[in-house]
Structure formats: C-alpha cells, structure tokens
Novice: 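First the structure, then my questions, so here it is.
Throughout, residue positions are numbered sequentially from 1 according to the sequence presented. Quick caveat: nothing in here was measured; it's all calculated off a predicted structure.
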Amino acid sequence: MAIGEIVLGSFLASFFEVLFDKLTSLALGYVQQEGISVALLEEWKEMLVTIDAVLADAEERQLDGNHLVKLWLDDVRDLAYDMEDLLDEFALKVVQVKSEVESGTSIGWVKWKFSCFGQHKSSMLNLIPRSLVSKTKVQEIKGRLETIVTGKARLSLKENVVDRSNYTNKRDPTSSLPEPRFFGREKEEAQVLELLISEVENSNATLSIVPIVGMGGVGKTALAQRLYNDSRVKSYFERRAWVCVSDVFDVLDITKTILRSFTGLSCEGEDLDGLQVKLKDSLSGKKFLVVLDDVWNENYGKWTDLLKPFEAGAKVSKIIITTRNLPVASIRGASPYPLEELSLDNCTSLLAFHALGVTNFKSHPYLEAIGKELAEKCKGLPLAAKMLGGALCNERNPDKWKSILNNRIWDLPKGKKDEVLPVLKLSYVHLPSYLKRCFAYCAVFPKDYEIEKDELVLLWIAEGFLDGQKENDDILRLGWDHFDELVSRSFLQQSRFDASKFSMHDLLNDLAKSIAGRTCFSSGESLLAADEDDASLEKARYASFISTLFVTSKSLRAYEHMKVIRSLMLLHDRFSWKDKFHISNKVLQDLLIKLKYLRVFSLCHCSIIEVPNCVGDLKHLRYLNFSYTDIERLPESIVALCKLQALILRGCRKFSMLPPGITKMINLRFLDIRDTKSLKEMPLDISNLKNLIILSKFIVGPKKGTQIKELKNLSHLQGELFISELQKVEEVRDAIDANLIGKRGINKLFLHWGNNFGNIRNDEHEALVLRSLRPNTNLENLTISDYGGVIFPRWLDDPSYSKMVSLCLRDCPKVTLLPSLGQLPSLRELSLEGLNTISMISSEFYGGKKPFSSLTTLKFDEMWEWKDWYAKGSGEEVPFSCLQHLVVRSCISLVGTLPHQLDHLTKLEIHSCPHLNNSTSVVCVPSLHELYLEDCNEEIMKSFANLTSLTILKIRNLAKLVCFDHGYMSCLVKLKELHIGQCDKLTHLWQDGNETQNLICLQSLVIDGCLQFTSFVAGEGEIQLPCNLERMELRGCTSLEKLPSKMHTLKHLSIWNCPKLIGLTIPLDDRSSNNLISQLEYLKLDECDSLTSFPFAKGTIPALKTLYICGCNGVEYLEEITVESLNTLGIASCKNLGSLPQCIHTLSHLTHLEIFNCPTLEIEDFPPVPITLSLLSLIECPKIKSLPNQWHHLTFLQELYISACGNIKCFPEGGLPPNLRRLIILGCENLKQPVREWGLYMLTSLKYLTIDLSMGREGEKSWFPSEDKKEEDAWSLLFPSSLTYLSIYNMRNVERLSSGFRNHLSSLKWLCFMICPKLRYLPADRLPPSLQVLGIEGCEMLKHQCSKLTGQYWPLIQEIPLIDIDRVQIQ
C-alpha cells in the first residue's frame, strides 16, 4: 500500500467517541418519556463498541497494505456518518415535540411515545405512522452494522491493540506563534540575492527569470519569502508582487493579482488584454520583482501570454519562480537555481529546535543519537524536520523517539504520484486523536486558501469535532487550544501577508485530502465537468466551491448529487478577494432544498441581497455565514433552526434588523454582527440567549428588553464586544448589572456614546455609567468614544490591566485630565483623539518608573487646547523607550518640542501643529526612516538630529519654507523619496548644486503646488540632479521656467500645470551633447500652455517609450516625434491642436495611439499608422473626417474605441481590422453606413462590443435586426458568435428583438441595453443560458417587463447572477 492512502483507524476512534455520547444522551432523553425502551440504541452501542475495539488493529493492517481492511474501514466511516445523521434526526424530533408541548400547541398530548422502539428486540421494528424515521432506514443501519461486525471476524481483526496516538502527550498550547527559524541556507540566500540585485552589463535581456527548483518540502517558498522581505530587495525594486500559483496556471487570474499588488485597484470584469495593458503601463520603466510560487505549468504559450506586459519594465527587473519541475524552470531559457536538501547537521538542528526549543542536543545527550537517525529519515527536507520535531515537541522520553524511529511507515512503498512524505504521514499518525478530525477537515479548503483562526474553530464546533471533550462553557477556548496546537506542530502556518490568517503547506493539504478521501470535495468552476458525474460525490460530507465572479446553476451541478453533505462553503476566488461574486436567489434556493443534512453553510463576499426562505428548512444547520454580503435582513423562517450555534453576519453593511424570534434560538452561541453599520437596534430579550459566547455588538435601547442590563445573564461572553448608544442608559444600576467585570473572556471592548441625547448631556451621569462598566482585567483592547464625562474612571490606569495592549480614547470633549497610562505594562498602542479640553500632559500621565515600557505606537489627534507636553517620566527616566511610530495631528495649540530621545522611532508624522518646536531643543531620532511634516512651522525641521537613516521625507504646507538650509541635506545619505507640496514661499530646493552630491540614494522627487518655485538651485549655472534620481514629478509650479540641464538618470518625468515652462531647455536636437536624457522612458506634459512645440528629433531621447501631451493649449501642431522606441502616444485636451505628425507610421514600436478631446483637430486624410498598433482610441474629436486608410492591414490591432467623432461618415474600404477583440463605437451620428455592412460578423476574435445603433438608422425600425420572423440567422449576419460582452445603445424605436439570439450568441456573458425607450420584447427563443450579467438603463418598457417577481420576463431571467436596472442591483 502506498503511503498516500488513507489512515482511518484512529480518525474513526475519535468519531466513535462522539457517537457514544449521542447514543447515551439520546437514550436518556427517551427514558424521560413514559413507555420508552432503549433496547435498540443499546444494541447499536454494543456493536459500535465491538467495532471500536479493533480500529487500531485495522489501521496497522491497512498500513501493511491490506486492501480489504481499507475497504472495511471505508464502510465503517460511511456508516458512522449515516448513523450520526439518523441520531440527529431523532434528537431534532425530541426537541420539536418538547417545544410543542411546552408552548401548549399540542394540548392533550400528555403521553408521547416513540412507537418504533418496542420493549423487545423482536418488536423493535414494528413502526406506526407517527414513527420518527422509516422502517427502511432503521433496518438499513441495523443491517450495515451487522455486516461490518461480521466482516471484522472474517478479517480476523484483533481487539484492544494500543493506538500509537495515545502515546502523544497533550502539550500546553502556545498563545503566540513561534518565531520562524532559517537553518543552513546562508549560502543559497546570498547567491540568489546576488542574482536579484546585480545588474549584468551588456545584457540584452529585458527580463530575468530566477527559477528556484527543488522537491516538495525542501524550502523553496521559505527561501523566496526571505528574499522577498529582505531590506536590500525592498529598497532595490520599485514594485513587488507575490502570487501563489499552484497547479492551476490561469494567466488572467495571475495578471489580476499582480496588477492589484502594484496598483491596489480592483480588476474584476476586465479581459486579459485590458488587464495586460494596465499592467504594462504600471510597469513601464520600473524595476519590479514578481514571485510566482509553486508553479507547475510547462505550456510555453501560457508563459508567453503571461510575460508580455513585463517586457515594459526596467531591464534589471526579476521574476522568481519556485517549482518542483525542472522543465518549468527551463521553458523560458532561464538557468535554474537548484535548491538542494539540507545537510544532516542542519536538518538535525532544525529537528532539535522544533522538538526541544534549542538547536542541539547538548542538554539532552541521551536523545542525540536517535535524533540524528530521525534527521536522516527527513532526507534533508526542512518541512519534514519541522513536522517531525513538532510531533516530538517537549517530549523527553527516548522510548517515544524510538517508537517513531522504528515505525513501519518509513518502509511503505510510495506511489508514483504520491506526494505525501512518510514523515508527514507519521506526524499525522502520532497526532492526538482529538486533533485528527480537526486537521482532516481542512482538506475542504483549496491549496493556499487562508482562513482566520476563529472561523476555523467555529467550523470545528459546528461539525461536532469538539463535542464530549470538555464542558461546553469552554468550547471556544478548547477550539483555540486545538488550533494553536496544530500551529505549534506546523500542520498550520501563519499567512505571509495577513497575520490574522493561516494556511497549510501544499504537502499537508495533500495529506489532509488523502485522509479525508471521498468524504471531502473541493472544486472550482474549471474542474467541475470531470467531477459532476462521479458516483463518489454521493458519499461526500464536506465540500467547498471556489468561484470567480459569477456562479451559475451549471457550475453547481455536481453539488446537487451530494445528498448527505454536511459542510458547503462557497468561497471567493483568492485572486479576486476585493470583489464580491454573484449568484441568483433562484440558483441558491434550488441547491439548498436538496441538501437537507447541511450543518455548515457559508456564503461570504457575495452580492446577494436576500436569503432564501428555504434556509429555515435546514434543520441540522449549526453554522450559517453570510459575511460581507448585501443582505438587509434574514427571513423569519431562520428562527426554526433549533440547532443553530453560529450566525455570522460580519461586514453586512446593509443589514438593518435581526429577526425578532432570534431570542428563542437557545442553542445560539456565536452571533457575529461586526461592521453592520445599518443595524440600529437589538431584538427584545437578547438575555434569553444564555449560551452566547460571541456577541460582537450590543446596541443599547431605552425599552425593557433592550437595556444594557440584558448583558447580565450572558456570562459566557468572550472575544470582542462593541457596546453603542450608551447615552440611552438611564439607570446607573443597569450598567452595574451588565457585569462587565465578571466577563473574563472579553478581550476587546468598545464603549461608544451616540449623538441622540434628546436633552442636554449629563456629564456626571455619563461618568457614573463609565465607572460602572469596568471590564475584567483580562482585557487586551479598549476603545472609549464620544464619552461626555469630565474625568475618566480610576480603573482605566489600574496596573492590574496587565494584558492591555491597545487603548484608544476618542472624541471625549470634556475630559481635562489624562490617567496615568504609562503604568500599563503591556500597552503597545495608544491613541488619544478629539480630547479637546486637555491642555497639558504632565508627569501624572507617565506615573511611576519605566513609563510606557512596551509602547510602540502613539497617536495624538485633534487635541485643540493641548499646549504643553511634559516629555519626561518620573525621576527623569526616559519614556517611550520602545516607541517606533509617533503621530501628532491637529494639535493647533501645542508648543515646545517632542521627547528628546526617541532611539527606536522609525516613523514620525506631524500635521497641523503650527506652534510645535519653538524651542532650540534637539530631538534625537537615529532610527527614523519616514518623516511627514504638514501645516507646521518650518523651524521644526531644524530640531531633528541624526537623520542618517531617513529614507522618506514628505513636506506639505510649510508656509515659510523658502529653501533648505545650507548643509541640511548632507546627512540624508539614505533618502530615497523627497516630496514637497503646497509650500507657497519655496523658491529653490538647494543653495548650490553641491548639496545634491550626498543624495546618492534619492530615486524619487515630487514638487507639488509650490507657486513661487522657480529653480532647483539658487543662482545661475547648470543644474545637475542627484546621481541616481529616476522619477520626477512637477505639479502646479506656476513660476517654474526651466528644467535642470542634466537629467542623465531620469526615467520618469511628469509635468503638470507649469504654464511658464517655455520648453524643454535641454538641447535635444544636439546629438553630440552630453546632456541627452538618455534613460528617460516616460514623459507626460499636462497643462503647460507655454509649450508650443516638441522638437523630439530622432535619437534625442533614445529610450522613451511613453509620451502623453495633455491640456497644452499652446500646441497647434506636432512634428518630428520620431522617437523609434516609443510604444505609447497619448494626446488629450489640446484645444488648439490642428494636425497630427505625418511621421506616425515611422514609429515602428508604437502599440498605443490615443487621441481625446481635441476639438480643432481637423483631419481630412488620416495619416498612415504603423502596423504594430494594438490599441487605437479616437474620442471627442468632432473634426476628424476619416479613419486610417486600409486599416484591415492592421493585424495587430485588438482594441478600437471611436466615440463622439461626428464627422466620420464611413469606414475605410476593405473592412475592419481582422483581429479586433474589443470594439466601442458611439456617438458618430453621421456614420450612415448600415451596421450589417460593417462586417462585424467576420471578426471571429471579437469578445467585447459596445455599439450605438442610432448609426446606420438600425434603431429606427420596430424589429431588430430583422422584421422577418423566419429569418433566424439575422443575428449571424450582424454580430460574430465569439462575443462575450454586448452593450447596445440608442435603439430608439425598436420594440422587439428577433429570434436566433440565443443560439448564435451562445457564449454571451454580459448583455446591456441602454436608452431603448420602446423596447418591450426580448427574443422569443429567450436569452443565452451562459448569461451572467443583464444591465438595463433608460428602457422603461423593458424595465417593467423584467421587474423582480412581477415582470413577465422574471421567470426567464431569474437565474442570471447579476441583474442591474437603472443602476440599481435587483439581484
């Protein structure tokens, strides 16, 4: 048997423990009813005990390769699941009947009997019509139990063989994650670092690929991540992006992720071409690093498609690829960097570190020999050593080490495709039984999926994995402990990007899937076709669906076969995390009504606006998650979910009301309503939910049942609690009764007063209320906002709050004195905002010795009366010894200086503090990296010493700054970014040119809105920019007349609104001059009206790739733009431009030509354009009369946009460019040529079409495209079948669309009708089933026909995931 096959024995043992508990508790429930026998349940229990006794031996036999034992274990598992479902049916009926009896709805039902259970075994199947389950189901379970017991004997399985997992001692779970350790890779790290940041001379390669190749678990990702976060790499590359690729190499998704990393913009709804154009523009001329982690693709075509935009970057840019496959590394001709296994010594050190917490065996010599043998078993793989060390963590017994060393798993054969390492399988076998189901459940998530700790723990609770282990009061804490233990054993790992999330290594994901087997199903849309007819789906218990933007009934077809599924999670694609996906209510309802055993249903980051009523029929449901959806309320039917434990509505910003009956759901434990800003009140009597553990928000109301004392009986609350509308607390006694001090589990507390006071505020009453709301000393985070009292309560600075790490006091306008917060020993973050009457921060603020000993972040904001900052602690001790980030904002009265010694400060922000630093004191900040100064006195700049570490300096609105003092820049040897804005009196930057010589690291310079700025250096003479400056932006410098004469290293130059800038003063036309801007790649000139011409002669700017000329009204003509390297030329809003250069066709690398809003640009005969064009855009140019002649030869043209060019009357002869993918034609009212003559149907690559049908009078007919009812091929003579997006404008008289639309446009996904006022009838043969978006705007008749529920067409369109009518989403 290969080691990747399922190891089920101990997994089932933990499952059986749950079954035994349920059988026992259910029997007790029956005993309480008159005349109930437990004979059947006892018989089942006896047979389960018999089976349980041999599970350990079955696992051993399975490991020996016994296939029959494996099949027997599969049958046991399937039976266990079905049996638990049946027992849950029993329990549900008990609860239902009990509820009916207690509510008085079953008057006269005094005695209730389950007649399916007789007093004797012979009569136990004599069911009557009122029986809980059918005779067939009971017989089936009994028969399967007997068969399995018989099979046990036939297989000669032995009883009571010791389970190896019992040898594993339960370790104290860690409360914080261990620091990552990196062993034995110093040489490799140095070598790859050199490959990344070295610049190879005379290299013609635009892009360098560095493939790190090695087997799974060897540490490729760890090495790449270490390099990615290296400070030298961060400073070298301007842009960085990390993509987890895994086995699905989707060029579109990878491009989205990279573009989003670079720009922060959402990229949904755009095709690959549009995204790659944006990515290319974003990368143009920039040094970038992209890491593609875990790549498997060997398809050369896909690589070529992906890498197209990267050619625009700087030549020193790099792409790191981590892969297990050597062909992947060499497919682009790159030289692979092989990552070898760790040496035995390093592997031994790593194992020792994870097992013993030290890097050697000096303290445990009796384990050294065994440890080295185990390290040899790891075959030099860090992941294996880490996992094996985790299995032995804190274990000092050499027998345990020997038992793992001698385990037979090491000797099992490995299948050809078996990626699960023996050591990983062994680590799982030696997991405690209580962790095995928790880990195996993670197989439901796709590779690289990241999940929050609390979310996973709640899923475990809902699935019953923690049942029977402890009292339910501690179940959340128990789940946290389990989670932390899996992390400490390295089965889960912290996210590289979000510290609040965790994931699994790919090999561990493979392990989890091998254990879960057919019970677990995880699939995306691209994988469903092969899976939907798989018979094993009927056995699936846990499933996830990874969607992209739209979910259709077709994409969910496979899930309809999963009749016994327990968990279903519709997960948003990790490449599209910023956006919501879409599913129709009809599709969702049709799916849910078929899945009656669901315990977990999660639908997050989805655009649904309502929840189907059928959710209330999912009686087994324990976990329901609609986080980050657009729902406004829940159906009242949800109250029928008597088993529901977790209701998660986080981030539902439109959600306005909880169902009134929710307070009857007594099993509800977790109610997460964070970030529900529209929720204004709580349901009455929330205190009835006595089992609540999580109640993230409580809104105080004035009525009985909504008052704050409702919290009194919620004694189990843990985690985060936001209490708002505290002004509605009328009785102080109610605040006392809330008993926050007794709620030990709350670690994050928000106390908020609202604005609705009615009468005048009573500051004394508010002070008493706040004093009475004293929390427990376990609190870690506290925010008090909009408090109206004069003083803070004495408990706020009590050192007993030793766990407090974050404190925010916001908008407390009457408070005059701050507590002694310096004595909170663990406080790391302190924010004081809107404390408008605080005038002094004195020594009392610091308290006793070592004030603020842990503080790393300190923020003061809008403290208008604050004048004095006493910056010394008691006894002259230096406060803020650990401070790293300081913000002082809008403290308009503050005078004096900052604390004098801030040795660890790395970031300082001072905004709107005009009087700060009117003294001669010096602030020592030797570690400062970032300095932001805004609306301050310019003298403050003189107060900082030791700025040798500064990398970013941003200055804004220093009203009196004229020029930097002589020598100020001399110490800024590491400065990379200098940004100066709105300094109205700034005339120069430097006194003389020599001051730039020390700015050897300066890469970016921005001067914005400095109206008096005339020159970079005072005086006459040549101006030379710093030697490594690559980017310069000049915006709103209305007095600037000339640029520096020497800009050798500049790559990006942007000039906006510099009206006196007469010309580019460098002698561009003198090729012999050494003043050429030889490296300039990007030039944008915007609103520079004095510029009248651009003498860009051939060879003067040899590297220029992008040129934008915008809003330059002095420009009347453009000549001699003959820069051969140019690939993008944009001309916009040049009001007096009369002609284009005739030499455009000579720009042999030009791919983008964009002309916008040039009202005087008159073109009778459009000049020839180069065949290399891929995008042509002509917008709002009303005097252009022609288009490029013979443009059917433009075979590279993929995007064509023509809008508001009213003088264009026809297209050039020969047809449209043949390879168009996107075409927009709008507002060309004189284009009389009928649309059917354009030849659109011949554009077989066209995907995206927006068309104005007022052109060619197509919109004047009552039928479109043909009035002939029999002419169903009319659509095929008009549009190509390749379309996926179609938007039609201005069919002003069209009432009806012809048939044939559905068949011809069978790939259409987006369909929009705009300004079609008479359109009433859609095609008779309906719309294509592929449709994902339907948009209607300015179509009143069609709007009525498509109205939700009432419209004639609603039954035909209700499965479309997204429907938008007049810019309102109705689905």
Side-chain angles (χ1 to χ4, degrees), residues 680-682 686-687 695 697-715 717 720-744 746-801 804 807-821 823-824 830-839 844-845 847 863 865:
K680 303 299 183 184
E681 61 180 7
M682 303 299 291
I686 198 79
S687 61
L695 175 64
K697 183 160 91 172
F698 182 85
I699 306 164
V700 179
K703 298 183 296 185
K704 184 179 180 181
T706 65
Q707 297 163 336
I708 195 170
K709 63 183 178 182
E710 287 292 304
L711 296 174
K712 178 180 181 179
N713 294 329
L714 305 182
S715 57
L717 290 183
E720 178 178 327
L721 175 59
F722 186 107
I723 305 177
S724 64
E725 300 296 303
L726 280 167
Q727 77 279 4
K728 295 178 182 177
V729 177
E730 297 177 357
E731 300 292 337
V732 174
R733 183 71 231 176
D734 291 349
I736 297 172
D737 287 345
N739 191 28
L740 293 188
I741 196 169
K743 295 175 173 43
R744 298 175 53 83
I746 293 178
N747 56 27
K748 192 172 186 178
L749 179 64
F750 298 81
L751 300 174
H752 175 72
W753 279 256
N755 298 318
N756 182 19
F757 285 92
N759 299 324
I760 299 174
R761 297 185 73 161
N762 185 334
D763 56 81
E764 292 183 3
H765 176 74
E766 291 185 43
L768 290 172
V769 169
L770 182 56
R771 187 173 71 181
S772 303
L773 291 175
R774 176 170 184 161
N776 191 274
T777 54
N778 285 328
L779 197 68
E780 297 175 7
N781 295 268
L782 174 63
T783 297
I784 299 173
S785 64
D786 294 279
Y787 164 63
V790 176
I791 60 172
F792 285 117
R794 295 181 63 181
W795 56 258
L796 187 56
D797 60 3
D798 192 327
S800 64
Y801 287 95
M804 183 91 72
L807 174 61
C808 177
L809 305 176
R810 180 186 299 126
D811 296 329
C812 305
K814 295 184 180 181
V815 171
T816 59
L817 185 66
L818 289 173
S820 299
L821 302 177
Q823 294 308 295
L824 296 173
L830 175 60
S831 182
L832 305 174
E833 308 170 28
L835 307 184
N836 296 334
T837 56
I838 295 286
S839 61
E844 286 78 11
F845 178 59
M863 297 179 60
E865 299 298 324

Novice: Can you list everything that forms a side chain to side chain contact (heavy atoms under 4.5 Å, CB included) with P775? Sequence neighbours excluded, please.
Specialist: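 Only L749, L779, W795, Y801 meet the side chain to side chain contact (heavy atoms under 4.5 Å, CB included) criterion with P775.
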
Novice: Partners of L830 by side chain to side chain contact (heavy atoms under 4.5 Å, CB included), sequence neighbours excluded?
Specialist: L807, L821, L827, L832, F845, F852, L855, L858

Novice: Please round to the nearest 0.5 Å and tell me the distance separating atom CD1 of I784 and atom CZ of F750.
Specialist: 12.0 Å

Novice: Give me the atom names and distance for the closest heavy-atom approach of D763 to G788.
Specialist: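 Answer, listing the atom of D763 first, then G788: CB-O, 3.2 Å.
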
Novice: Identify, with sequence neighbours excluded, every residue that meets side chain to side chain contact (heavy atoms under 4.5 Å, CB included) alongside E725.
Specialist: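 For E725, the residues satisfying side chain to side chain contact (heavy atoms under 4.5 Å, CB included) (neighbours in sequence not counted) are I699, V700, Q727, K728.
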
Novice: Using the rule given for side-chain contact (heavy atoms from CB on, under 4.5 Å), can you reason through T816 versus V790, listing the C-alpha separation, both sets of side-chain angles and the distance that settles it, and then say yes or no?
Specialist: CA-CA 6 Å; T816 59; V790 176; 4.2 Å; yes

Novice: Just to verify, what does S715 make a side chain to side chain contact (heavy atoms under 4.5 Å, CB included) with, not counting sequence neighbours?
Specialist: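 Applying side chain to side chain contact (heavy atoms under 4.5 Å, CB included) to S715 gives none.
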
Novice: Using the side-chain contact (heavy atoms from CB on, under 4.5 Å) definition, which of the options D811, T783, D786 pairs with H752?
Specialist: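 Only one option passes, and that is D786.
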
Novice: Using every non-hydrogen atom in the two residues, find where G847 and S820 come nearest and quote the distance to one decimal.
Specialist: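 Heavy-atom minimum between the residues: CA-CB, 4.1 Å.
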
Novice: Surrounding CD1 of I741 (heavy atoms of other residues, nucleotides or ligands, distance under 6.0 Å), is the total greater than 12?
Specialist: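 Yes, because the 6.0 Å sphere around CD1 of I741 holds more than 12 heavy atoms from other groups.
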
Novice: If you round to the nearest 0.5 Å, how far is CD of E720 from CG of L695?
Specialist: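 Answer rounded to 0.5 Å: 10.5 Å.
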
Novice: Can you measure from CG (L818) to CD1 (I791) and round to the nearest 0.5 angstrom?
Specialist: 12.5 Å

Novice: Can you check whether I838's main-chain N or O pairs, donor with acceptor, with E865's side chain at less than 3.5 Å?
Specialist: no

Novice: Please round to the nearest 0.5 Å and tell me the distance separating atom CE of M804 and atom OG1 of T777.
Specialist: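 These two atoms lie 10.0 Å from each other.
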
Novice: Under 30°, 30 to 60°, or over 60°: which ring-plane class applies to Y787 and F792, parallel, tilted or perpendicular?
Specialist: parallel

Novice: Please walk me through it: do L796 and L809 pass side-chain contact (heavy atoms from CB on, under 4.5 Å)?
Specialist: CA-CA 11 Å; L796 187 56; L809 305 176; 4.1 Å; yes

Novice: After noting the C-alpha distance and the side-chain angles of I708 and L726, does the key distance pass the side-chain contact (heavy atoms from CB on, under 4.5 Å) rule?
Specialist: CA-CA 8 Å; I708 195 170; L726 280 167; 3.7 Å; yes

Novice: Looking only at heavy atoms, what is the nearest atom pair of I686 and M682, with distance?
Specialist: CD1-CE, 4.4 Å

Novice: Holding to side chain to side chain donor-acceptor pair (under 3.5 Å), I want the full list of residues that pass it with N713, two or more places apart in sequence or in another chain.
Specialist: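 N713: no side chain to side chain donor-acceptor pair (under 3.5 Å) contacts found.
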
Novice: Dump the intermediate steps for side-chain contact (heavy atoms from CB on, under 4.5 Å) on V729 and Q707, then the final yes or no.
Specialist: CA-CA 7 Å; V729 177; Q707 297 163 336; over 6 Å; no

Novice: Using the side chain to side chain donor-acceptor pair (under 3.5 Å) rule, collect all pairs that involve residues 730-742, keeping only residues at least two apart or in two chains.
Specialist: R733-D737

Novice: Considering non-hydrogen atoms only, spot the tightest contact between L768 and S772 and give its length.
Specialist: O-OG, 2.8 Å

Novice: Can you name the side chain to side chain donor-acceptor pair (under 3.5 Å) partners of S724, sequence neighbours left out?
Specialist: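 Result, side chain to side chain donor-acceptor pair (under 3.5 Å) vs S724: none returned.
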
Novice: Nearest 0.5 Å, please: how far is CG in L721 from CG in L751?
Specialist: 8.0 Å

Novice: Applying side chain to side chain donor-acceptor pair (under 3.5 Å), name anything that partners S687, two or more places apart in sequence or on another chain.
Specialist: E710

Novice: Applying salt bridge (charged side-chain N to carboxylate O under 4.0 Å, His left out), name anything that partners K697, two or more places apart in sequence or on another chain.
Specialist: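 So K697 forms no salt bridge (charged side-chain N to carboxylate O under 4.0 Å, His left out) with any residue.
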
Novice: Go through the structure and list residues passing salt bridge (charged side-chain N to carboxylate O under 4.0 Å, His left out) with E833, not counting sequence neighbours.
Specialist: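 Expected list: R810, K859.
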
Novice: Is the number of heavy atoms from other residues, nucleotides or ligands within 6.0 Å of NZ (K814) greater than 12?
Specialist: yes

Novice: Tell me, yes or no, whether the heavy-atom count around R774 atom CZ, taken from other residues, nucleotides or ligands under 6.0 Å, exceeds 12.
Specialist: yes

Novice: Looking at R744 and N778, what are the two nearest heavy atoms and their distance?
Specialist: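 The pair with the smallest heavy-atom distance is O-ND2, 3.2 Å.
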
Novice: Does E844 have any side chain to side chain donor-acceptor pair (under 3.5 Å) partners at least two apart in sequence or in another chain, and if so, which?
Specialist: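 By the side chain to side chain donor-acceptor pair (under 3.5 Å) rule, E844 matches S842.
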
